[in-house]
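So you know, we letter chains A, B, ... as the sequences are listed, proteins then strands, and number each from 1.
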Number of protein chains: 2
Amino acid sequence: MPQPPPARRRLKPGARRRQILDVATREIAASGFRGASLAEIAENVGVSQPGLLHHFPSKAALLLAVLEQKSAEDTAIVDEVFADAEGTVGQAITALVEVNQRDPERIRLYTVTAAESIDAGHPAHDFYLRRYQGTRARLAERLAKDRERGRLPETLDVAEVATEILALLDGLQFQWLLDPGVDMTGPVRAYFARLYGRT
Amino acid sequence: MPQPPPARRRLKPGARRRQILDVATREIAASGFRGASLAEIAENVGVSQPGLLHHFPSKAALLLAVLEQKSAEDTAIVDEVFADAEGTVGQAITALVEVNQRDPERIRLYTVTAAESIDAGHPAHDFYLRRYQGTRARLAERLAKDRERGRLPETLDVAEVATEILALLDGLQFQWLLDPGVDMTGPVRAYFARLYGRT
DNA sequence: GTCTATAAAATGATAGAC
DNA sequence: GTCTATCATTTTATAGAC
């Protein structure tokens with residue numbers, strides 16, 4: 001009785017799932033959660049629309065899965081630019097902008113769905129509320145370390161500046177997505193030059 | 001033959017039109033262009049949905065009319081905060097933020113529809129493209145005047161800073177709309193204190 | 001200027017066969 | 001896991017009466 005090894009049966013368990021997430025990311029980044037349609041995503045995957053809903057119970061669940069996945073990628077990227085313990089927040093964020101500039105789609109996914117999510121009834125409302133609270137807090141901590149090292153003025157309100165930096169990045173990304181001729185790196189460098197003191 | 005004075009016949013020419021624009025502004029600010037529905041707007045106006053489309057030929061036309069109207073209001077507000085010829089851009093923008101903070105709906109209309117409009121097929125895509133180009137240019141001019149007056153460093157790249165200021169404002173407004181506990185004025189004051197040199 | 005009626009298409013989701 | 005068939009809504013827009 002040759003029985004196939006049970007440990008191998010699930011060789012490609014989430015292959016289709018990943019494929020769906022990929023296509024959904026593109027569609028949602030382009031048209032937002034409201035503008036994207038399950039039928040179109042299914043077609044681009046090469047599956048029927050009920051076939052798609054076998055993997056994700058609803059459109060909202062699909063959006064949240066897309067955001068969770070991209071959020072994990074994001075964490076890796078951010079950890080990377082902050083990996084140098086000697087570097088300042090300014091240097092890390094400047095590097096981050098250069099990385100982001102090579103991946104408009106990921107940025108667009110955030111810009112588009114975050115704005116939609118202002119609506120309290122939007123499926124990603126809580127996701128973004130928590131995400132921004134957490135990001136502001138972590139950024140403030142990192143700024144506090146720069147301050148302790150004497151790289152930033154002792155009187156600096158790090159919570160205030162954390163909010164400020166996030167706002168600057170989001171706003172620059174929007175202008176750049178709308179009009180790719182807009183340069184993000186210049187303003188970011190100028191901003192941090194003033195924050196850390198010109199050389 | 002008593003004929004009614006023709007000059008008076010159009011006493012309330014666009015009353016309903018204005019009412020529709022009001023309701024549409026609220027709905028679109030809440031749900032975006034894609035999320036808003038003509039049926040719901042019509043119901044809140046107290047008119048049938050075809051009755052609504054008598055005044056505006058299409059949903060896209062309604063959106064553009066809403067944006068044009070709010071844009072005119074906006075120009076008036078901006079002119080107001082820049083009215084003091086002796087004041088700096090920093091002072092004017094700080095005042096603008098305080099005015100904006102009292103009208104979340106107007107700000108939300110912009111934040112939500114601007115993000116949607118990144119899509120080249122969105123009816124407001126061109127509107128926002130031009131709007132940002134114009135706003136950046138005007139802001140840069142005003143910064144150049146501050147620079148000429150010696151209020152800003154001679155080496156300052158005003159185009160760069162104009163992009164930066166707009167980004168900061170947009171980003172702060174988003175964080176504040178998502179989480180009303182976020183303070184916009186603190187970061188704005190801190191930003192301009194550094195730009196103009198601390199006192 | 002406003003209505004009813006209706007078209008024509010698209011939407012997210014479910015039932016049930018294979 | 002994927003399909004066909006189908007449902008129940010909702011969508012924008014038009015035709016035509018009043």
Side-chain angles (χ1 to χ4, degrees), chain A residues 4 6 8-28 30-67 112-113 116-117 119 121-125, chain B residues 4 6 8-28 30-67 112-113 116 119 121-124:
Chain A
R8 226 165 180 253
R9 233 188 308 165
R10 290 169 62 261
L11 185 105
K12 294 156 73 181
R16 173 118 298 172
R17 193 186 152 90
R18 265 192 299 276
Q19 189 192 7
I20 292 172
L21 284 176
D22 266 19
V23 174
T25 299
R26 280 200 293 277
E27 299 288 328
I28 295 173
S31 313
F33 171 70
R34 292 194 181 106
S37 102
L38 294 180
E40 196 177 334
I41 294 169
E43 195 191 346
N44 289 2
V45 168
V47 76
S48 72
Q49 183 251 16
L52 188 156
L53 281 178
H54 169 77
H55 299 272
F56 300 92
S58 70
K59 192 187 178 186
L62 176 57
L63 170 70
L64 290 178
V66 164
L67 290 178
V112 170
T113 58
E116 280 184 311
S117 85
D119 183 358
H122 191 280
H125 180 75
Chain B
R8 223 166 183 253
R9 232 190 308 167
R10 288 169 65 260
L11 186 107
K12 294 156 74 181
R16 171 119 298 171
R17 194 186 152 90
R18 266 192 300 276
Q19 188 192 8
I20 292 172
L21 284 176
D22 266 20
V23 174
T25 300
R26 280 199 294 276
E27 299 289 328
I28 295 173
S31 314
F33 170 71
R34 292 194 180 106
S37 104
L38 293 180
E40 196 177 335
I41 295 169
E43 195 191 346
N44 288 3
V45 169
V47 78
S48 74
Q49 183 252 14
L52 188 155
L53 281 178
H54 170 75
H55 299 272
F56 300 91
S58 70
K59 192 187 179 186
L62 176 57
L63 169 69
L64 290 177
V66 163
L67 291 177
V112 170
T113 59
E116 281 184 309
D119 183 358
H122 191 280

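Atom CD of residue A:Glu116 and atom NE2 of residue A:His122 lie 4.0 Å apart, to the nearest 0.5 angstrom. Summarising the geometry, atom OG1 belonging to B:Thr113 is positioned 5.0 Å from atom CG belonging to B:Leu67; distances are rounded to the nearest 0.5 Å.
Sorted by first and then second residue, the pairs that involve residues 32-50 of chain A and meet salt bridge (charged side-chain N to carboxylate O under 4.0 Å, His left out), not counting sequence neighbours, are A:Arg34-A:Asp119.
Overall, the helix from C:dG1-D:dC18 to C:dC18-D:dG1 carries an axis bend of 0° between its ends, with five pairs at each end and the value rounded to 10°.
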Could you pull out all donor-acceptor pairs under 3.5 Å where a side-chain atom in residues 56-63 of chain A meets a protein atom, sequence neighbours excluded?
residue: A:Ser58; atom: OG; partner: A:Ala61; partner atom: N; Å: 3.1
residue: A:Lys59; atom: NZ; partner: A:Phe33; partner atom: O; Å: 2.7
residue: A:Lys59; atom: NZ; partner: A:Ala36; partner atom: O; Å: 2.8

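B:Ala30 is linked by a side chain to side chain contact (heavy atoms under 4.5 Å, CB included) to B:Arg108, counting only residues two or more places apart in sequence or in another chain. With sequence neighbours excluded, the residues satisfying side chain to side chain contact (heavy atoms under 4.5 Å, CB included) with B:Asn44 are B:Val23, B:Glu27. Qualifying side chain to side chain donor-acceptor pair (under 3.5 Å) partners for A:Thr25, counting only residues two or more places apart in sequence or in other chains: none.
If you take CZ of B:Phe56 and C1' of C:dT2, they are 15 Å apart, rounded to a whole angstrom. Taking atom CD1 on B:Ile28 and atom C1' on D:dT12, their separation rounds to 14 Å, with Å as the unit. In this structure, CD of B:Glu27 is placed 16 Å from C1' of D:dT12, rounded to the nearest angstrom. The distance from atom CG of B:Leu63 to atom P of D:dA13 is 12 Å, rounded to the nearest whole Å. The interatomic distance linking B:Leu52 (CG) with D:dT14 (C1') rounds to 15 Å, in whole Å.
Considering only heavy atoms from C-beta on, B:Arg16 comes within 4.5 Å of B:Val47 through its side chain.
In this structure, A:Ser48 does not reach the D:dT2 phosphate: none of its side-chain N or O atoms is under 4.0 Å from OP1 or OP2. For the pair B:His54 and C:dC3, the criterion of a side-chain N or O lying under 4.0 Å from OP1 or OP2 is not met. Using a 4.0 Å cut-off, some side-chain N or O of A:Arg16 falls inside it from OP1 or OP2 of D:dT2.
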field: Under 4.0 Å protein heavy-atom contact, by nucleotide of nucleotides 5-17 of chain C - B base, S sugar-phosphate only
entry: B-----SBBB---
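Contact detail for B:Leu64 and B:Ala124: the closest heavy-atom pair is CD2-CA, 4.2 Å.
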